[in-house]
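Below, chain A is the first sequence line, B the second, and so on; all start at residue 1. Side chains are part of it too, since the values below use all heavy atoms of this structure and drop only hydrogens, waters and symmetry mates.
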Number of protein chains: 6
Amino acid sequence: MLLHLSTWPEVESYLAGRSSIILPIGSTEQHGPTGLVGTDAITAEAIAAETGARTGTMVGPTIPVGMAHHHMAFPGSMTLKPSTLIALIRDYVVSLAGHGFTTVLFINGHGGNIPTVQAAFYEVYEDLRREKGADAPKVRYALCNWFTMPGVAALQNELFGDREGYHATPSEVAVTQAVYPDHIKSAPLEPLAPVDPDFHDCRDFRARFPDGRMGSDPSLATPEHGRRFIDAAVTEIAARYGAFLDGA
Amino acid sequence: MLLHLSTWPEVESYLAGRSSIILPIGSTEQHGPTGLVGTDAITAEAIAAETGARTGTMVGPTIPVGMAHHHMAFPGSMTLKPSTLIALIRDYVVSLAGHGFTTVLFINGHGGNIPTVQAAFYEVYEDLRREKGADAPKVRYALCNWFTMPGVAALQNELFGDREGYHATPSEVAVTQAVYPDHIKSAPLEPLAPVDPDFHDCRDFRARFPDGRMGSDPSLATPEHGRRFIDAAVTEIAARYGAFLDGA
Amino acid sequence: MLLHLSTWPEVESYLAGRSSIILPIGSTEQHGPTGLVGTDAITAEAIAAETGARTGTMVGPTIPVGMAHHHMAFPGSMTLKPSTLIALIRDYVVSLAGHGFTTVLFINGHGGNIPTVQAAFYEVYEDLRREKGADAPKVRYALCNWFTMPGVAALQNELFGDREGYHATPSEVAVTQAVYPDHIKSAPLEPLAPVDPDFHDCRDFRARFPDGRMGSDPSLATPEHGRRFIDAAVTEIAARYGAFLDGA
Amino acid sequence: MLLHLSTWPEVESYLAGRSSIILPIGSTEQHGPTGLVGTDAITAEAIAAETGARTGTMVGPTIPVGMAHHHMAFPGSMTLKPSTLIALIRDYVVSLAGHGFTTVLFINGHGGNIPTVQAAFYEVYEDLRREKGADAPKVRYALCNWFTMPGVAALQNELFGDREGYHATPSEVAVTQAVYPDHIKSAPLEPLAPVDPDFHDCRDFRARFPDGRMGSDPSLATPEHGRRFIDAAVTEIAARYGAFLDGA
Amino acid sequence: MLLHLSTWPEVESYLAGRSSIILPIGSTEQHGPTGLVGTDAITAEAIAAETGARTGTMVGPTIPVGMAHHHMAFPGSMTLKPSTLIALIRDYVVSLAGHGFTTVLFINGHGGNIPTVQAAFYEVYEDLRREKGADAPKVRYALCNWFTMPGVAALQNELFGDREGYHATPSEVAVTQAVYPDHIKSAPLEPLAPVDPDFHDCRDFRARFPDGRMGSDPSLATPEHGRRFIDAAVTEIAARYGAFLDGA
Amino acid sequence: MLLHLSTWPEVESYLAGRSSIILPIGSTEQHGPTGLVGTDAITAEAIAAETGARTGTMVGPTIPVGMAHHHMAFPGSMTLKPSTLIALIRDYVVSLAGHGFTTVLFINGHGGNIPTVQAAFYEVYEDLRREKGADAPKVRYALCNWFTMPGVAALQNELFGDREGYHATPSEVAVTQAVYPDHIKSAPLEPLAPVDPDFHDCRDFRARFPDGRMGSDPSLATPEHGRRFIDAAVTEIAARYGAFLDGA
Ligand code: NI
Ligand code: NI
Ligand code: NI
Ligand code: NI
Ligand code: NI
Ligand code: NI
C-alpha cells in the first residue's frame with residue numbers, strides 16, 4: 001500500500017488497525033561509468049514497495065537525496081548536509097506520528113546515509129523527551145540497510161565474489177536493471193585495482209576512485225540478478241522486521 | 001533526460017552544452033475523498049518530465065514532501081517546516097551549482113510551497129553574496145506553478161468552470177489519472193458549498209473544509225482531461241521558460 | 001493606540017476586551033535617486049498607525065529591516081536573510097500570544113517581504129501544532145500589503161497611470177512626503193525605459209535597474225497624493241480586516 | 001544624518017568620506033505603572049539621533065525589540081530569543097559591511113541586551129575569520145549603554161539619588177517625557193521597598209517586582225530632566241567614541 | 001562530590017536531598033609565553049571541585065572550550081561560536097533539569113565566556129516559557145567569575161598590584177601551578193607596556209598584544225600564591241552562593 | 001603532549017613538524033550500579049593520553065558530554081542533541097584547522113557518539129567544499145572506538161567471555177579502576193539476564209535494562225585488567241593510525 005497512491009480515508013482505515021510505515025531513503029550520486037545516478041533511491045524504493053506489499057505495511061514517499069558529500073566531485077551528485085537531513089527526517093517522522101504512525105522502518109539504499117539517519121532518530125527521541133517528558137508518544141524508529149543484510153551479502157558473494165566491491169556494485173546495479181530494464185548502460189570499465197576504503201573528503205574520494213567505482217565490477221549485473229536481490233532482501237526484511245512492523 | 005536514469009559521464013556530457021535543470025516539487029497531503037495523497041508530486045513530476053523531454057533539459061529528483069501544514073489535520077499528510085524546506089532547497093541548488101547547473105526551474109504542484117520556495121531563492125542568493133561577493137556564481141532560480149498558468153487556467157475554466165475550486169481540483173486529479181490510470185478512486189462527495197478561502201492553521205482548515213476539498217468537484221476528472229492538462233502546461237512552460245532554460 | 005506609547009496596565013486593560021494587534025513591517029533599502037531608504041517602513045508605519053486609530057486596535061513596533069537582498073547592490077540597503085526574518089516574526093508573535101494577542105495583522109510596505117512573512121506564519125502554526133497539539137492557542141495571522149489592494153491600485157492608476165511602476169513608485173514616495181514633508185528629495189531622473197520585472201540576484205537587479213527605480217516616475221509624487229493614499233489604504237484595510245481585528 | 005531619511009546617492013556620498021554608523025537598540029517591555037513599553041527604544045533612538053547630529057555620523061534603523069525575557073510576565077512585553085537577536089545583529093552588520101560601514105556603534109537603552117549584543121559581535125568576528133581568514137574585512141563593533149556611562153550615572157545620582165533604582169528609572173522615563181511630552185503617564189505607585197536585584201526567569205521577576213519597577217521612583221521624572229540626560233549622554237558618547245566613529 | 005566519579009544510584013541519593021550542581025567552564029586558549037593553553041579550564045575546575053567539597057554540592061563535567069575568538073591568532077587556541085556555546089549550555093542544563101538539578105552555578109575561568117553564558121541562561125528561560133508556560137520547571141542559573149570577585153581582586157592587588165593585568169595574569173597562572181606543579185613554564189618576557197584593553201577581532205588582539213599577555217607579569221606567580229587564590233575564591237563563593245546552592 | 005598543559009609557543013613548535021592532533025570524546029551517563037558516570041570520558045582520555053605519548057602526538061581537550069539520550073532515564077546522565085554535537089565538533093576542528101591541525105583522530109569511549117561524530121565529519125567536509133571549493137584545506141578526520149578494536153575485543157573475550165556485555169562492561173570499568181583506583185565502587189548486582197540489544201528511546205532503554213547494565217558483569221573488573229586494556233588499545237591504535245597521525 002503506497003501512501004502517495006492512497007486517499008486520506010484509505011490512510012485513516014489503515015491506521016485503524018496498524019501504526020507502522022516504511023520510508024525508503026536513497027541518494028542521488030554517481031555510480032560509476034554505468035550505474036544510474038538514482039541507483040540508491042531506485043533500489044530502496046523497489047525493495048520498500050515489495051516489502052510493504054508482502055507485509056501489508058504502508059510505504060511512504062522516497063527520500064531521493066541523502067548524504068553523499070564524498071561523491072560531489074562527480075557531475076550529477078547531490079547531497080544534503082547532515083544537519084539538513086536530520087531536520088528533514090525529524091519533519092517526516094513528526095508529521096507521521098501526529099497521525100498515529102508511531103513505528104517507522106527506513107529502508108536505506110546508501111551507506112553514506114547511515115550515521116545521519118541514526119543521529120536523526122536520537123534527535124527526535126531527545127526533542128520529544130524535552131518537550132513532552134513522560135507524555136511523549138512512544139515512537140519507534142529503525143534503519144534497515146538492505147545491501148548489508150546477511151542473506152543479501154551471501155547472494156552478493158555467491159554471484160559476484162570479490163567483484164562485488166563497495167560502491168557501484170553489481171548487486172545494486174542489478175536491482176536497477178530489474179526495475180528499469182530499458183535503462184541498462186554499458187561503457188568500457190578499467191580493470192579492478194586494489195581498494196583502500198579509507199577516504200576523507202570528496203576530492204580524496206575521486207583521487208582514489210577515478211571512475212567512481214570502489215572495487216566493483218558492475219558489468220556482472222543482470223536484471224535477473226536484480227530480481228533475486230529484491231526477493232532476498234524483502235524476504236529477510238519481512239522476517240527480521242515483521243514483528244516490529246506489526247507493533248510488537 | 002532524467003538525472004536519476006543517467007550516469008555521471010552522461011551528466012558531464014550534458015553539462016558541456018547546457019547549464020539548466022528542472023526540479024519538480026510536490027507535496028504529500030490529503031486531496032479530498034478521491035484524490036491521491038501524492039497528487040502534487042505526481043503532477044509536478046509528470047509535467048517536469050515532459051517539459052524536460054520537449055526542451056532537452058535535464059530533470060532532477062522530485063521533492064515529494066513540501067510545506068503542507070494546513071492539511072495536517074487529515075491522515076497521511078506530511079509537511080516540512082518552512083525552515084527545513086529552505087535548507088533542503090539550498091542544499092539541492094548548491095549541490096547542483098557545484099557541477100555547473102546554474103539555472104534551475106522548479107516546477108511546482110502545490111500552492112503551499114510557493115512562499116517558502118521563493119524565500120529559499122533569496123536565502124541562497126544572499127548567502128552567496130555574503131560568502132563570495134563579486135565572485136559568487138551567477139545562479140538563476142525560477143518557480144513555475146503549473147496549475148495557475150494562464151493557458152492551464154483557461155482549460156480549467158473551459159472544462160470545469162466554477163467546479164474547479166482550489167484544492168483537490170478536477171484538473172490535478174485528472175493529471176494523476178492520466179499518470180496512474182489504475183489508481184482512480186471514487187467515493188460519495190458532499191455537494192459543493194460556498195468557499196471562504198481564508199484559513200489559518202490546520203484545525204481551522206479542517207473545520208472549514210471537512211472532507212478536504214476546497215470548492216472542487218474532482219468527480220469531473222478523467223484521464224483524457226489529464227493528458228490535455230499535461231500538454232497545456234508543458235506547452236506553456238516551454239514557451240515561457242524556454243529561453244531561461246537555454247541560458248538566455 | 002500605540003504599544004510603545006502605552007504602559008503595561010494600559011495594555012492589560014486593552015486585552016480585557018480585545019485580542020488583536022497590528023504590526024507594521026517595512027524595509028531599509030534604496031528607493032531610487034529621490035526615494036528615502038526608509039520608505040517601506042515609513043509607509044507601513046503611517047498606515048498602520050492610522051488603521052489602529054480608526055479601528056481601535058493596538059499597533060506594535062515596526063519591523064524596520066526586512067528581506068531586501070535584491071537591493072543590496074545599492075549603498076544603504078539592509079537585509080535579513082529569510083531564515084532570520086522567520087525567526088524574528090516567530091519571536092514577535094509568540095511573545096504577543098503569551099499575553100493574549102492571538103490575532104495579528106501585519107501591514108506590509110515591501111513586496112520582498114511577502115513570501116518570507118507567509119512562510120513565517122506556517123513556521124509558527126506548525127511549531128505550535130507539534131509542541132502543543134490540540135492545546136495550541138488558536139492564533140490567526142494575516143498579511144496585508146497596502147500597496148496592492150484594489151482601492152490603492154485604482155488610485156495609483158488614476159493618479160500616475162503607467163508611470164507608477166514597480167519600485168520607488170510615486171505612490172509610496174508620496175506617502176513618505178506626507179509623513180516627512182521636510183525630507184522631500186529631488187534629483188535628475190533618467191527617462192523611463194521598458195521594464196522586465198524578472199530578475200535574480202542583487203547584481204542582476206542593479207544591472208537591469210541602474211538607478212534603482214523599476215519603471216516608476218517618483219517625480220509625480222506630492223504630499224497631498226500621499227495623504228490620499230494613506231486614506232485609501234486605511235479605509236480599505238478597515239473594511240477588509242475589520243471583522244478579523246474584532247476577533248470574528 | 002538618518003539612514004531612513006536618506007537616499008542611496010546620499011549614502012554613497014557619505015561613504016566616500018566615512019565608514020561608521022550608529023545603530024540604536026532598545027526593547028519593547030513593561031516599564032512599571034507609568035513608564036512606556038517603548039521606553040528603551042525611545043531613549044536609545046533619541047540619544048543616537050543627537051549623537052549622529054553632533055558627530056556627523058549616519059544613524060541607522062532602531063532595533064525596537066530586544067532580549068527581554070525577564071519582563072514577559074507583564075502584558076505588552078516582547079522578546080527575541082538571544083539566538084534570534086544574534087542572527088539579526090549579524091544580518092544588520094553584514095549588510096552594512098558590504099557597503100563599507102565597517103565601524104558600528106550600538107547605542108543601547110536596555111540592560112538585558114548587553115550580553116547578547118556582545119556575543120553577537122564575536123559570532124560575526126568568528127564567522128568572518130572562518131569564511132575569509134586573512135581577507136576578512138576589518139570590521140569594528142562597539143556597544144555603548146547610555147544609562148551606565150559615568151557622566152550619566154553622576155546625573156542620576158545628583159537628581160534622584162537612591163530613588164533611581166534599576167528599572168523603570170526616573171532617568172529613562174524622563175528621556176521619554178522629553179521626546180513625547182504628550183504621553184506622560186501617572187498612576188499611584190507603591191512605596192519603594194528594598195530591592196534584591198538577583199532574579200531568574202520572568203515568573204521570578206514578577207514575584208519580586210510586582211508592579212514592574214526595580215527600586216525606582218519614576219514619579220521624579222520631568223521632561224527637563226530628560227533633556228539634561230540626553231545632553232549628558234550625547235556629550236559623553238561623543239567624547240568617548242568620537243575617534244572610534246572617525247575611523248581611528 | 002564529582003559527578004563523573006559517582007554512580008547513578010549515588011546521584012539519585014544526592015538528589016533526594018539537594019537540587020543544585022556546579023558546572024566549571026573554562027577555555028582552551030593561549031595564555032602568553034608561559035601560561036598553559038588550558039589555564040581557564042584548570043582554574044575553574046580546581047575551584048569548582050573545592051567549592052563542591054566545602055559546600056557538599058555535586059560538581060559536573062568541566063566545559064573545556066569556550067568562547068575565545070579573540071585568541072585565535074595564537075596557535076592552540078580553540079573557540080566555540082557563541083551560538084554553539086548557547087546550544088551546549090542549553091543541552092547541559094536541560095539534561096540536568098530532567099533529573100531534578102534545577103539550580104546550576106557555573107564557575108567560570110574566562111572573561112570571554114561571560115556574555116554568551118548569560119545569553120544562554122535567557123535562551124533556556126525563554127524556551128521553557130514558550131514550551132511549558134506556567135508548568136515550566138523553576139530552574140535557576142547563576143554565573144560566578146572567580147577571578148573578579150572582590151576578595152580575589154583584593155588578593156590580586158595585594159600580591160601583584162598593577163602587574164596583575166588582564167590576561168595571562170599571575171593569579172590564574174599561579175592557580176595552574178598549584179594544580180600542576182610539574183608543568184611550570186618559564187620563558188623570557190618582554191617588559192610590560194601600557195595596555196589599551198579595547199580590541200575587536202583576533203587580528204586586532206594579536207596586533208595589540210604580540211605575545212598574548214594583556215599587561216600582566218605571570219613571572220610573579222608561584223604555586224603557593226595559587227593555593228591562596230583557590231582558598232580565597234572558594235571561601236567567597238561559598239559565602240556568596242551558599243544559600244543559592246542550598247536551594248534558598 | 002597535552003594541549004592544555006602546553007604554551008602557545010610550544011604548540012607553534014609542534015606545528016612546525018606535525019599537523020595531527022588526538023581528541024578524546026566520552027560521555028556523561030549512567031554505567032550501572034557500580035560504574036562511574038564519567039566512565040566513557042575517563043577511558044577515552046586515558047587511552048588518548050597514552051597514545052599521544054607513544055606516538056608523539058598532541059592531545060587536545062576531552063569532550064566530556066556526548067550523545068547519550070538513551071541513558072537519560074537514569075539520574076546523572078547528560079546528553080547533547082546530535083545537532084549540538086555536530087556544531088561542537090565543527091567548531092573544534094575548524095578552530096584547529098586554522099592553526100594547521102589538519103589531521104584529527106577522535107578516540108571515542110561511547111558507542112552512542114559514533115553516528116553523530118561521523119555525520120559531523122561530513123558536515124565539515126561539505127561546508128568546506130561549499131565555502132572554499134578547490135581552495136578548501138585538505139583536512140582529514142578519523143574516528144577510533146577503542147572498545148571495539150579487534151585486539152581489545154579479543155582481550156574482552158579472553159578475560160570476560162560473554163559476561164562482557166554491551167554497556168557498563170567489565171572492560172571499561174576496569175580502565176576507570178586503573179585510572180581512579182580510589183574510586184572503585186561495589187554494589188549488589190542482579191544476575192545476568194538475556195539481552196535484546198534493540199531499544200528505542202530512553203524510557204524503552206530503562207524498561208529493558210532496569211539497573212543500566214546491558215548484559216555485563218562489571219564485578220569482574222580489576223585495575224590490573226584496566227592496565228591491560230589501556231595497553232592493548234594504545235598498541236593497536238598506534239599500529240593502525242600511526243601513518244595517519246604522521247600525515248601519510
Ligand atoms: Ni549505491
Ligand atoms: Ni494539490
Ligand atoms: Ni518600497
Ligand atoms: Ni528601560
Ligand atoms: Ni585565562
Ligand atoms: Ni561506556
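At a heavy-atom separation below 4.5 angstrom, chain C is approached by B:A134, B:A136, B:P137, B:K138, B:V139, B:R140, B:Y141 within residues 134-141 of chain B. Scanning residues 102-133 of chain B against chain C with a 4.5 Å heavy-atom cutoff picks out B:P115, B:T116, B:Q118, B:A119, B:Y122, B:E123, B:Y125, B:E126, B:D127, B:R129, B:R130, B:G133, ordered by number.
For B:D162, the CG atom counts as loosely surrounded, since its 6.0 Å shell holds 12 or fewer non-hydrogen atoms of other residues, nucleotides or ligands.
No other option in C:S83, C:A87, C:C202 has as many heavy-atom pairs under 4.5 Å with chain B as C:S83.
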